[in-house]
Every structure is written in structure tokens, then in C-alpha cells.
Amino acid sequence: MTEELEEQGRAGTSTTCAVVDVWELLGRRWSLHILKNLKTKEVIRFNELKRSLPGISSTVLSERLLELEREGLVTKRIYPEVPPRVEYSITPQARELGVIIRDLARWANKWKHPEIKPLAAQNKT
């Protein structure tokens, strides 16, 4: 019995850690915006992606793309041309994530109460 509980505890911790790891990656600023924009096109080049994300710096975009690539959510293809052409695309794994994100958005909208004014707005009236 004790061994069974310990095994369940380890499995639960493992699952929790996996969710935390994914949440940490996707919770970083711009990550979801990048995935959303990559999902709209089959392939996109760096500058085109940057133009679709007003306010993001080239450095941050590069960092996020590298992180997403390392996690298997984005693929990068470099063509041996002068100047080099680099294209990014979303992986099937990230496409599956799109369903989860859509469900999360539905959940957030369900529990958001626009009819309740923020406390600061109530104090002004």
C-alpha cells in the first residue's frame, strides 16, 4: 500500500513538473503571440514574423524562437544562400497545443466577469 502511494506521488509530481515546465515556457512574454502568428502561415521568415509582432525586439524574438525550437514547438530551416534565408514553421506538436490554448481561452472568458467593475472604477463613482 505504501509503495503504491509513493508511486502515485512520484507520478503526480512528474506530471505537475511537466505542466510547470510548459507553463513557464508558454508564459514567457511573446511566446504565445509567436506561436499564434506562426500558426497562421505554413512558413514565415524572421523579419515578416517581427513585423507581425509590433513592439518585440529582434533580440527577444530570436531568444523566444530558440527556446520554442529547443522544446520542439518550432522548426527552423536555413538555406545556404547569400544572404542566408531562414524560415520558421510550427511543428505538429505545437499545432496540438493550439487546441489546448483555445480551450484555455474559452475557460478564461467563461470566468471573466465584465459586468463587475474593478475596485478602482467603483471608487470613482
Side-chain angles (χ1 to χ4, degrees):
M1 177 81 166
T2 305
E3 290 175 19
E4 188 177 309
L5 288 174
E6 287 176 6
E7 185 64 35
Q8 287 176 353
R10 282 193 294 269
T13 301
S14 175
T15 302
T16 302
C17 289
V19 171
V20 169
D21 290 345
V22 169
W23 198 266
E24 186 176 312
L25 173 69
L26 296 178
R28 297 198 67 166
R29 187 157 189 211
W30 297 106
S31 292
L32 290 174
H33 295 287
I34 291 167
L35 290 174
K36 178 181 172 261
N37 281 295
L38 285 171
K39 190 177 177 195
T40 61
K41 293 195 168 196
E42 195 73 22
V43 172
I44 192 166
R45 293 178 72 176
F46 184 88
N47 284 328
E48 184 181 358
L49 182 57
K50 187 174 184 303
R51 281 191 298 273
S52 72
L53 299 166
I56 193 169
S57 70
S58 295
T59 304
V60 171
L61 180 55
S62 293
E63 288 172 1
R64 293 300 172 271
L65 285 168
L66 182 60
E67 291 166 358
L68 294 167
E69 183 183 8
R70 285 182 180 154
E71 294 299 323
L73 300 175
V74 170
T75 57
K76 176 182 178 179
R77 185 165 182 197
I78 303 170
Y79 294 89
E81 302 172 352
V82 177
R85 178 171 45 121
V86 180
E87 294 178 340
Y88 295 91
S89 58
I90 197 167
T91 65
Q93 182 180 353
R95 286 200 188 281
E96 284 185 28
L97 186 58
V99 174
I100 296 166
I101 292 169
R102 187 177 60 239
D103 288 345
L104 184 60
R106 277 193 208 125
W107 177 84
N109 287 327
K110 176 182 175 182
W111 291 102
K112 187 167 96 175
H113 299 288
E115 67 277 358
I116 299 175
K117 294 180 182 177
L119 188 57
Q122 289 176 4
N123 291 338
K124 291 180 181 179
T125 58

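Worth saying up front: this structure is predicted, and the values here are computed from it rather than measured.
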Extract all donor-acceptor atom pairs below 3.5 Å that involve side chains of residues 54-66 and protein atoms in other chains or at least two apart in sequence.
{"from": "Ser57", "atom 1": "OG", "to": "Val60", "atom 2": "N", "distance (Å)": "3.1"}
{"from": "Ser62", "atom 1": "OG", "to": "Ser58", "atom 2": "O", "distance (Å)": "3.0"}
{"from": "Arg64", "atom 1": "NE", "to": "Arg29", "atom 2": "O", "distance (Å)": "2.9"}

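- Legend: residues meeting side-chain hydrogen bond (donor to acceptor under 3.5 Å, both in side chains) with Arg77, ordered by chain and number and at least two apart, are Tyr79.
- Every residue two or more places apart in sequence or in another chain that forms a side chain to side chain contact (heavy atoms under 4.5 Å, CB included) with Val86 is listed here: Lys76, Ile78, Tyr88.
- Contacts of Glu67 classified as side-chain hydrogen bond (donor to acceptor under 3.5 Å, both in side chains), with partners at least two apart in sequence or in another chain: Arg28.
- For the atom pair Lys39 NZ and Ile44 CD1, the distance stands at 14.5 Å (nearest 0.5 Å).
- With sequence neighbours left out, the side-chain hydrogen bond (donor to acceptor under 3.5 Å, both in side chains) criterion links Glu48 to Lys41.
- Here CD of Glu42 is found 10.5 Å from CD of Glu87. Values are rounded to the nearest 0.5 Å.
- Under the salt bridge (charged side-chain N to carboxylate O under 4.0 Å, His left out) criterion, Glu81 pairs with Arg85, not counting sequence neighbours.
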>> Apply side chain to side chain contact (heavy atoms under 4.5 Å, CB included) to residues Ile101 and Leu32 and explain how you reach the verdict.
In response: CA-CA 9 Å; Ile101 292 169; Leu32 290 174; 3.4 Å; yes
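- Pairs of residues two or more places apart, or lying in two chains, that qualify as ring pair (Phe, Tyr, Trp, His ring centres under 6.0 Å) and include a residue from residues 25-57 are Trp30-His33.
- Residue pairs meeting the salt bridge (Lys or Arg N to Asp or Glu O under 4.0 Å) criterion with at least one member in residues 90-108, sequence neighbours excluded: Asp103-Arg106.
- The minimum heavy-atom distance between Leu35 and Ile90, with the atom names listed, is O-CD1, 3.8 Å.
- Judged purely by atom type and a 3.5 angstrom limit, Ser31 uses its side chain to pair as donor or acceptor with the backbone of Leu25.
- The CD1 atom of Ile34 sits 11.0 Å away from the CG atom of Leu26 when rounded to the nearest 0.5 Å.
- In this structure, the side chain of Ser89 does not engage the main chain of Val43 through any donor-acceptor pair within 3.5 Å.
- Remark: Leu104 engages Trp23, Trp107 in a side chain to side chain contact (heavy atoms under 4.5 Å, CB included) (not counting sequence neighbours).
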